Visitor: 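The structure's right below; bear with me while I get my questions together.
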Amino acid sequence: MIGYVTGKFPGHASLLNFISKNWKHKANFTKHNSSLLIFAFPSEMEMLEILGGGPYYVFGWPLILKVMPYFFDFQATHMTKMPTWVRFPNLPIRCWTSICLSKLASMIGKPIHYIAPTTTMTQLSYARILIEVDLLLDLPTTINVVLPNGTSLSQQVMYESLPYFYK
């Protein structure tokens with residue numbers, strides 16, 4: 001996983017302390033001279049649990065995390081895409097299928113992870129999906145959906161953890 005603290009870097013020891021207190025899985029990290037942080041986990045599942053557990057703040061500054069692409073370019077100046085939890089409140093029951101949820105999420109960005117209450121439908125007031133969004137794009141607050149019966153629905157979209165610097 002790759003990430004960065006949006007404000008001043010807290011220091012190696014402080015970040016290790018943050019990880020041990022706030023993450024339920026152990027992670028090692030290294031700081032690249034570009035100020036990006038490279039995190040290593042024992043398993044991909046543990047990494048995804050940490051990624052989906054945010055947002056995280058280190059001394060009040062957001063810790064931006066994302067899955068590190070296989071051939072990551074350290075010379076790129078900005079990470080403009082970040083995972084954020086998105087809620088779809090009052091989503092019709094018929095739309096709680098993996099295909100429909102994936103299509104809804106894809107209208108905003110790249111779906112990454114669904115929480116258990118969403119996949120098991122044990123909490124029906126909203127569906128919650130971790131989606132990688134591009135912070136340079138206008139993020140929709142509603143999505144127009146045509147339901148299988150032909151009626152249209154204006155589905156509200158709520159973002160849980162956007163940084164202050166998104167477009």
Side-chain angles (χ1 to χ4, degrees), residues 1-88 95-120 127-140 143 157-167:
M1 186 165 62
I2 193 154
Y4 65 95
V5 178
T6 60
K8 182 182 175 205
F9 181 69
H12 192 82
S14 292
L15 193 53
L16 277 177
N17 187 39
F18 169 84
I19 289 169
S20 69
K21 286 184 178 179
N22 295 284
W23 291 359
K24 63 181 178 179
H25 300 293
K26 290 186 176 190
N28 293 319
F29 77 92
T30 249
K31 185 178 179 212
H32 188 266
N33 59 4
S34 66
S35 295
L36 293 173
L37 304 166
I38 299 96
F39 295 91
F41 293 87
S43 73
E44 184 176 354
M45 183 56 76
E46 291 177 42
M47 177 198 67
L48 289 173
E49 283 183 34
I50 296 302
L51 184 64
Y56 300 107
Y57 296 89
V58 180
F59 297 119
W61 294 103
L63 173 61
I64 307 300
L65 300 170
K66 67 182 273 183
V67 175
M68 185 174 181
Y70 195 68
F71 291 103
F72 183 74
D73 179 9
F74 283 97
Q75 300 204 5
T77 55
H78 297 356
M79 287 185 9
T80 63
K81 295 181 180 180
M82 72 168 273
T84 189
W85 283 107
V86 177
R87 291 184 186 191
F88 297 99
C95 296
W96 286 65
T97 65
S98 59
I99 292 172
C100 187
L101 290 171
S102 180
K103 286 183 179 183
L104 282 172
S106 295
M107 295 178 79
I108 296 169
K110 179 182 172 186
I112 297 174
H113 182 68
Y114 303 94
I115 61 168
T118 296
T119 57
T120 59
R128 186 173 185 239
I129 305 171
L130 186 65
I131 304 172
E132 184 178 71
V133 297
D134 189 335
L135 299 174
L136 297 180
L137 299 178
D138 290 324
L139 299 175
I143 295 174
V157 179
M158 299 172 64
Y159 302 91
E160 291 185 15
S161 55
L162 288 173
Y164 294 112
F165 56 83
Y166 76 97
K167 182 174 179 182

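Everything numeric in this text was worked out from a predicted model, so none of it was measured. Quick note: residue numbers are just sequence positions, from 1. Any value given below was found using the heavy atoms of this structure, including those in side chains, with hydrogens, waters and symmetry copies removed.
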Visitor: Please lay out, stage by stage, how F9 and L37 fare under the test side chain to side chain contact (heavy atoms under 4.5 Å, CB included).
Guide: CA-CA 10 Å; F9 181 69; L37 304 166; 3.6 Å; yes
Visitor: Considering all heavy atoms of both residues, which atom of H32 and which atom of I38 are nearest to each other, and what is their separation?
Guide: CB-CD1, 3.8 Å
Visitor: Looking at every non-hydrogen atom in both residues, tell me the closest pair between I108 and P140 and how far apart they are.
Guide: CG1-CG, 4.1 Å
Visitor: Can you tell me if S102 uses its side chain to pair, donor with acceptor, with the backbone of I99 under 3.5 Å?
Guide: no
Visitor: Do L63 and F18 pass the side chain to side chain contact (heavy atoms under 4.5 Å, CB included) test, and can you show the C-alpha distance, the side-chain angles, and the key distance before you say yes or no?
Guide: CA-CA 11 Å; L63 173 61; F18 169 84; 4.0 Å; yes
Visitor: How long is the span from the NE2 atom in H25 to the OG atom in S20, to the nearest 0.5 Å?
Guide: 14.5 Å
Visitor: Please report the interatomic distance CG(L139) to OG1(T84), rounded to the nearest 0.5 Å.
Guide: 8.5 Å
Visitor: Identify the two heavy atoms, one from P10 and one from L15, that lie closest to each other, and give their separation to 0.1 Å.
Guide: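 Result for this residue pair: CG-CB, 4.4 Å.
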Visitor: Testing the basics here: between F29 and H12, what is the closest heavy-atom pair and its distance to 0.1 Å?
Guide: CZ-ND1, 3.3 Å
Visitor: Do side-chain atoms of Y56 reach the backbone of W23 as a donor and acceptor pair under 3.5 angstrom?
Guide: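 No: the side chain of Y56 does not pair with the backbone of W23.
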Visitor: Could you grab the distance from atom CZ of R87 to atom CD1 of I129, nearest 0.5 Å is fine?
Guide: 12.5 Å
Visitor: Search all heavy atoms of L51 against all heavy atoms of M1 and return the closest pair with its distance.
Guide: CD1-SD, 3.9 Å
Visitor: Checking side chain to side chain contact (heavy atoms under 4.5 Å, CB included) for the pair F39/M47: CA distance, chi angles, key distance, verdict?
Guide: CA-CA 9 Å; F39 295 91; M47 177 198 67; over 6 Å; no
Visitor: Give the minimum heavy-atom separation between S14 and F59, together with the two atoms involved.
Guide: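 Heavy atoms only, the tightest pair is CB-CE1, 3.8 Å.
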Visitor: Output the distance between atom OH (Y4) and atom CG (L36), rounded to the nearest 0.5 Å.
Guide: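 It comes to 8.5 Å.
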Visitor: Looking at OG of S106 and CD1 of I131, how far apart are the two atoms once the value is rounded to the nearest 0.5 Å?
Guide: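 If we round to the nearest 0.5 Å, S106:OG and I131:CD1 are 8.0 Å apart.
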Visitor: Would a distance-only check, ignoring hydrogens and angles, find a side-chain to backbone donor-acceptor pair under 3.5 Å from W85 to G52?
Guide: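 Answer holds: yes.
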Visitor: Take I50 and E46 through the side chain to side chain contact (heavy atoms under 4.5 Å, CB included) test and state the conclusion after the steps.
Guide: CA-CA 6 Å; I50 296 302; E46 291 177 42; 5.7 Å; no
